Student: 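If you scroll down you'll find the structure; I have some questions about it.
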Amino acid sequence: MTAEGTSAAAVDLDPQRLPQHVGIIMDGNGRWANQRGLSRNEGHAAGEQALFDTVEGALELGLRWLTVYAFSTENWRRPPSEVRFLMNFNHDLLRRRADELDERGVRVRFIGGRGRPVPARLVGMIEDTEAKTARHTGMTLQIAFNYGGRAELVDVARRIAADVAEGSLRPERISERTIQDRLYEAGAPDVDLLVRTSGEQRLSNFLMWQSAYAELVFTEVLWPDFDRQHLCAAVAEFQRRQRRFGAV
Ligand code: IPE
Ligand code: IPE
Ligand code: MG
């Protein structure tokens, strides 16, 4: 993760008005590969350096929370060979990169289901990476893996139902805070900037609750071509937006 190209800090951004939490839907790996006569899996592999350059850019900017969508609860519908590749690829990526993330002071957290059919050895690698980087207090990189916004809210509903059943929570006391406190990562601030690459303009079940008031930035850039400068451009766009939150 050595610095390459223009430093993110070179872009004219207001350090006082950075987004607190940036979410990125990393999309377009398959199309990127297709354009080059490569396999879809080679497109996923090419996304690795895009992710790490983006993480480097986020560190340069001083972002505190970055969440990237790596595998959705719907992505199990893909051909078995692609699913298998993605499980192995994410395992190997953590094995190769966990020390580097640790050295860069990045706290890594995974959000999403960890039960079957996620391979046990990948879950083990996820837990090792989280433990290795848990002490860091600078930036948190959340990786949404086997993640779905609706599945997360179903899990929240189950926890609320259990608390009501055992008598520790009264239904009339349920508030937005009750839900927030039971999300996979209760401590994360709302997503205020949500970026999607590859020209698609939809959420695909990403951080539904957390993105309720996010500014949406869509770019035609395919994920393997994304880098820290595109991240800076998205933050610059965010800073040009007027946020109103329902007020006037
Ligand atoms: C995003 O790229 C990666 C994952 C969803 C795992 P895609 O694989 O969706 O690429 P396209 O959308 O087919 O181009
Ligand atoms: C969303 O991309 C999921 C990830 C980027 C991991 P998809 O490519 O799966 O989304 P759809 O199917 O086009 O909505
Ligand atoms: Mg896609």
Side-chain angles (χ1 to χ4, degrees), residues 21-55 58 65-97 108-115 117-119 122-123 125-126 129 140-154 183-185 188 191 193-211 214 216-227 230-231 234:
H21 187 170
V22 177
I24 305 183
I25 301 175
M26 308 185 288
D27 198 12
N29 296 348
R31 280 162 283 169
W32 182 92
N34 234 334
Q35 289 174 0
R36 287 163 178 75
L38 302 172
S39 69
R40 292 183 53 81
N41 291 345
E42 288 173 289
H44 297 312
E48 178 174 342
Q49 45 83 27
L51 174 60
F52 281 80
D53 199 67
T54 300
V55 166
W65 288 85
L66 175 66
T67 302
V68 295
Y69 207 3
F71 193 88
S72 75
T73 47
E74 288 69 39
N75 286 148
W76 297 107
R77 295 177 187 151
R78 294 188 178 202
S81 60
E82 182 171 345
V83 169
R84 206 175 314 117
F85 175 87
L86 287 167
M87 296 301 137
N88 290 328
F89 174 65
N90 279 283
H91 172 275
D92 294 352
L93 182 147
L94 290 178
R95 197 192 50 216
R96 283 185 279 103
R97 300 281 204 160
V108 182
R109 289 270 308 143
F110 275 74
I111 52 172
R114 296 184 188 194
V118 182
L122 173 54
V123 175
M125 193 61 77
I126 287 172
T129 307
T140 299
L141 171 65
Q142 287 201 115
I143 303 180
F145 191 88
N146 187 24
Y147 175 87
R150 288 182 173 180
E152 179 173 32
L153 292 177
V154 167
L183 296 171
Y184 293 146
E185 181 54 68
V191 171
L193 169 58
L194 177 53
V195 180
R196 183 168 189 151
T197 58
S198 86
E200 306 295 356
Q201 302 192 357
R202 54 177 170 265
L203 298 181
S204 300
N205 204 9
F206 188 53
L207 299 173
M208 304 295 286
W209 175 271
Q210 298 87 338
S211 301
L216 309 179
V217 172
F218 300 106
T219 168
E220 296 292 325
V221 175
L222 301 173
W223 176 252
D225 291 329
F226 197 85
D227 63 16
H230 296 111
L231 175 69

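None of the values given here were measured: they were computed from a predicted structure. Every number for a ligand or one of its atoms is a count from 1 in the order of the listing.
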Student: I need the contact type for Ala144 against ligand 2. Using non-hydrogen atoms and a strict under-4.0 Å cut-off, is it side chain, backbone, both or neither?
Tutor: neither
Student: To which protein heavy atom is atom 13 (O) of ligand 1 closest, and what is the distance rounded to 0.1 Å?
Tutor: Arg40 NH1, 2.9 Å
Student: Counting non-hydrogen protein atoms only, what is the nearest one to atom 3 (C) of ligand 1? Give residue, atom name and distance.
Tutor: Asn29 ND2, 3.5 Å
Student: Quick one: does any side-chain atom of Asn75 pair with a main-chain N or O of Ser72 as donor and acceptor, under 3.5 Å?
Tutor: yes
Student: I'd like to know whether ligand 1 has Gly28 as a neighbour, heavy-atom separation below 4.0 Å.
Tutor: yes
Student: Is there a donor-acceptor pair under 3.5 Å between the side chain of Asn146 and the backbone N or O of Gly113?
Tutor: yes
Student: Should one rank Glu200, Arg196, Arg77 by closest heavy-atom distance to atom 2 (O) of ligand 2, which comes out on top?
Tutor: Arg196
Student: Taking atom 7 (P) of ligand 2 as the point of reference, which of Glu74, Arg78, Arg31 owns the nearest heavy atom?
Tutor: Arg78
Student: Write out the residue and atom name of the closest protein heavy atom to atom 14 (O) of ligand 2, then the distance separating them to 0.1 Å.
Tutor: Ser204 OG, 2.6 Å
Student: Around atom 1 (C) of ligand 1, find the nearest protein heavy atom and jot down its residue, atom name and distance.
Tutor: Met26 O, 3.0 Å
Student: Can you tell me which residue and heavy atom of the protein come closest to atom 6 (C) of ligand 1, and the distance to 0.1 Å?
Tutor: Ala70 O, 3.4 Å
Student: Just to check, does Gly47 reach to within less than 4.0 Å of ligand 1 when the distance is taken from its heavy atoms?
Tutor: no
Student: Ignoring water, what protein N, O or S atoms are under 2.8 Å from the Mg ion (ligand 3)?
Tutor: Asp27 OD1
Student: Looking only at N/O atoms, are Arg202 and ligand 2 under 3.5 Å apart anywhere?
Tutor: yes
Student: Measure from the side-chain N and O atoms of Asp227 to the backbone N and O of His230, and report whether any donor-acceptor pair falls under 3.5 Å.
Tutor: yes
Student: What do the steps show when you test Arg96 against Glu48 for salt bridge (charged side-chain N to carboxylate O under 4.0 Å, His left out), and what is the final call?
Tutor: CA-CA 11 Å; Arg96 283 185 279 103; Glu48 178 174 342; 2.6 Å; yes
Student: Would you check whether Ser72 has a nitrogen or oxygen atom less than 3.5 angstrom from a nitrogen or oxygen atom of ligand 2?
Tutor: no
Student: To the nearest 0.1 Å, how far is atom 9 (O) of ligand 2 from its closest protein heavy atom, and which atom is that?
Tutor: Asn75 ND2, 2.9 Å
